[in-house]
Amino acid sequence: MSRGLFITFEGPDGSGKTTQIDRLEAFIINKGYDAVLTREPGGTKIGEKIREIILDKNNTEMEYMTEALLYAAARAQHVSQVIKPALEEGKMVICDRFMDSSIAYQGFGRGLGDSVRVINEYAVNGCFPDITFLLKLDPEIGKIRIKVEDRDRLELEKLEYHKVVFRAYEELEKLYPERIIGIDANRSIDEISNEIQFHIEGLMDKKNIDLLGE
Ligand code: ADP
Ligand code: TYD
């Protein structure tokens, strides 16, 4: 049995990741594959506890490096407990945010630089996404889409912070053009999901061709 695809979604808060992930899950199941939906920070019992600590609006004293290490710790648990085993069973794993979020939000946004990539190389232990959809939406529009009472500690950061994060995502898109697919998220839900499905079909075809060539 071949390894499943590891698909991640990135982008500003409110850019439509959850909406598109639900659409993609239905598409994948319809094609006869098993899909595992998961999210970061979280995805495991330990990870969800870490998520509560990170996103708690009262934890205003949290050091940036503490924040980066907590995200990476949750990710290490998530990779070994959920993502790797599912991929080995041939399942398609769809993850709401992954290592690129840490590089954008902590590496660039918090100014921690390359240390964040290094920490995360340890955390993911060789398990990198096959494809990443970057939902590109002006953070200002994303913010408007999220109700004020639903905003967590990161979402409450100033708009300037979210603009830096968005520029970081654009840098990552340029750095990893083979893996990161930029998607214009300022369109209808249908238009966006059609484009995502087109890329997934392309990748599935490519994977089959690769397998036949082995
Ligand atoms: P995220 O998971 O990236 O925070 P969501 O999928 O939860 O984003 O979407 C945030 C809000 O925006 C939701 O109310 C959702 O219904 C709405 N939304 C999602 N996609 C679109 C779209 N293409 N156009 C307009 N509104 C959208
Ligand atoms: P989440 O609530 O899942 O985001 P969304 O509102 O897009 O569904 O994510 C919580 C916040 O954590 C979000 O603002 C982005 C941030 N984050 C990081 O700063 N670093 C990371 O490594 C991850 C995974 C998320």
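Indexing begins at 1, ligand by ligand and atom by atom, following the structure's order. Just so it is clear, the values below take in all heavy atoms, side chains as well, and ignore hydrogens, waters and symmetry mates. Since the model is a prediction, treat every value here as computed from it, not as a measurement.
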Colleague: Suppose we measure from atom 4 (O) of ligand 1 to each protein heavy atom; which comes out shortest, and what is that distance?
Modeller: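 The answer is Gly14 N, 2.8 Å.
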Colleague: Closest non-hydrogen protein atom to atom 20 (N) of ligand 1, residue and atom name please, with distance?
Modeller: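 Heavy-atom neighbour on the protein nearest atom 20 (N) of ligand 1: Ile189 CG1, 3.6 Å.
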Colleague: Among all protein heavy atoms, pick the one closest to atom 5 (P) of ligand 2 and tell me residue, atom and distance.
Modeller: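 Residue, atom and distance for the closest contact: Asp13 OD1, 3.4 Å.
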Colleague: Please work out, at 4.0 Å between heavy atoms, whether the side chain, the backbone, both, or neither of Arg187 comes within that distance of ligand 1.
Modeller: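 Arg187 to ligand 1: backbone contact only, side chain stays beyond 4.0 Å.
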Colleague: After noting the C-alpha distance and the side-chain angles of Ile196 and Arg23, does the key distance pass the side-chain contact (heavy atoms from CB on, under 4.5 Å) rule?
Modeller: CA-CA 10 Å; Ile196 289 171; Arg23 289 280 183 110; over 6 Å; no
Colleague: Is it the case that ligand 2 has an N or O less than 3.5 angstrom from some N or O of Tyr161?
Modeller: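 No, Tyr161 has no N/O under 3.5 Å of an N/O on ligand 2.
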Colleague: Please confirm whether Thr18 comes within less than 3.5 Å of ligand 2 when only nitrogen or oxygen atoms on both sides are compared.
Modeller: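 Between Thr18 and ligand 2 (N or O atoms, distance only) the closest approach is not under 3.5 Å.
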Colleague: Strictly inside 4.0 angstrom of atom 13 (C) of ligand 1, do you find any protein heavy atom?
Modeller: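 Flag for atom 13 (C) of ligand 1 set to false, no protein heavy atom closer than 4.0 Å.
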Colleague: By number and element, which atoms of ligand 2 are closer than 4.0 Å to a non-hydrogen atom of Arg75?
Modeller: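 Numbered from 1, ligand 2 contributes 21 (C), 22 (O), 24 (C).
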Colleague: Determine whether any heavy atom of Ser15 lies closer than 4.0 Å to an atom of ligand 1.
Modeller: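 Distance cut 4.0 Å: Ser15 passes for ligand 1.
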Colleague: Let me know which of Val93, Leu203, Ile28, Thr132 forms a side-chain contact (heavy atoms from CB on, under 4.5 Å) with Ile7.
Modeller: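 Output: one option passes, namely Ile28.
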Colleague: Considering only heavy atoms of Lys17, which atoms of ligand 2 have at least one such atom less than 4.0 Å away?
Modeller: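 Counting atoms of ligand 2 from 1, those under 4.0 Å from Lys17 are 7 (O).
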Colleague: Please write down residue, atom name and distance for the protein heavy atom closest to atom 6 (O) of ligand 2.
Modeller: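 For this ligand atom, the closest protein heavy atom is Glu155 OE2, 2.6 Å.
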Colleague: Quick one: do Arg117 and Glu121 make a salt bridge, cutoff under 4.0 Å?
Modeller: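 Between Glu121 and Arg117 there is a salt bridge, with a charged N closer than 4.0 Å to a carboxylate O.
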Colleague: Just which atoms of ligand 1 are under 4.0 Å from any heavy atom in Ile192?
Modeller: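 Once the distances to Ile192 are compared, the set is 23 (N).
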Colleague: What atoms of ligand 2 come within less than 4.0 Å of a heavy atom belonging to Glu40?
Modeller: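 Numbered from 1, ligand 2 contributes 3 (O), 24 (C).
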Colleague: Among Phe9, Tyr105, Tyr71, which residue places a heavy atom closest to atom 17 (N) of ligand 2?
Modeller: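 That would be Tyr71.
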Colleague: Give yes if a backbone or side-chain nitrogen or oxygen of Thr18 is under 3.5 Å from a nitrogen or oxygen of ligand 1, and no if not.
Modeller: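 Such a contact does occur with ligand 1.
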Colleague: Could you find the nearest protein heavy atom to atom 19 (C) of ligand 1 and give me its residue, atom name and distance?
Modeller: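 For atom 19 (C) of ligand 1, the nearest protein heavy atom is Thr19 OG1, 3.4 Å.
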Colleague: Check this for me: does any side-chain nitrogen of one of Lys49 and Glu52 sit under 4.0 Å from a carboxylate oxygen of the other?
Modeller: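 Salt bridge flag = no for Glu52 with Lys49.
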Colleague: Is it the case that the side chain of Arg145 and the backbone of Gly14 share a donor-acceptor pair, with hydrogens and angles ignored and the cut-off at 3.5 Å?
Modeller: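 Yes, because the side chain of Arg145 sits within donor-acceptor range (under 3.5 Å) of the backbone of Gly14.
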Colleague: Can you tell whether the side chains of Glu48 and Arg39 come within less than 4.0 Å, N to carboxylate O?
Modeller: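 Salt bridge between Glu48 and Arg39, a charged N being under 4.0 Å from a carboxylate O: yes.
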Colleague: Do Arg179 and Asp100 have side chains that get closer than 4.5 Å, going by heavy atoms?
Modeller: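 Heavy-atom side-chain distance check passes, below 4.5 Å.
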Colleague: Step by step, work out the side-chain contact (heavy atoms from CB on, under 4.5 Å) result for Phe98 and Val79.
Modeller: CA-CA 10 Å; Phe98 196 61; Val79 166; 3.8 Å; yes
Colleague: Yes or no: does Arg51 have any heavy atom under 4.0 Å from an atom of ligand 2?
Modeller: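 It does, in that a heavy atom of Arg51 comes within the 4.0 Å cut-off of ligand 2.
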Colleague: Looking only at protein heavy atoms, which one is nearest to atom 22 (O) of ligand 2, and what is the separation?
Modeller: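 Closest protein heavy atom to atom 22 (O) of ligand 2: Ser102 OG, 2.5 Å.
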Colleague: So between Met99, Arg97, Arg39, Arg145, whose heavy atom ends up nearest atom 15 (C) of ligand 2?
Modeller: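 Minimum heavy-atom distance to atom 15 (C) of ligand 2 goes to Arg97.
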Colleague: Looking only at distance, does Arg145 have an N or O less than 3.5 Å from an N or O of ligand 1?
Modeller: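 So ligand 1 has an N or O lying under 3.5 Å from an N or O of Arg145.
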Colleague: Between Asp130 and Arg3, is there a side-chain N and carboxylate O pair less than 4.0 Å apart?
Modeller: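 Salt bridge flag = yes for Arg3 with Asp130.
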Colleague: Could you point out which residue of Lys84, His78, Gln77 forms a side-chain hydrogen bond (donor to acceptor under 3.5 Å, both in side chains) with Gln81?
Modeller: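 Testing each of Lys84, His78, Gln77 against Gln81, the sole residue satisfying side-chain hydrogen bond (donor to acceptor under 3.5 Å, both in side chains) is Gln77.
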Colleague: Give me the residue, atom name and distance of the protein heavy atom closest to atom 8 (O) of ligand 1.
Modeller: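 Here the nearest protein heavy atom works out to Gly16 N, 3.1 Å.
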Colleague: Looking at Glu89 and Lys91, does any basic side-chain N land under 4.0 Å from a carboxylate oxygen?
Modeller: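 So Glu89 pairs with Lys91 through a salt bridge.
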Colleague: List the atom of Ala123, the atom of Ala72, and the distance in Å for their closest heavy-atom pair.
Modeller: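 So the minimum-distance heavy-atom pair works out to CB-O, 3.5 Å.
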Colleague: Less than 6.0 angstrom separating the ring centers of Tyr105 and Tyr71, yes or no?
Modeller: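 No.
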Colleague: Flag Asp96 as yes when one of its N or O atoms lies below 3.5 Å from any N or O atom of ligand 2, and as no otherwise.
Modeller: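 It does not: no N or O of Asp96 is found under 3.5 Å from an N or O of ligand 2.
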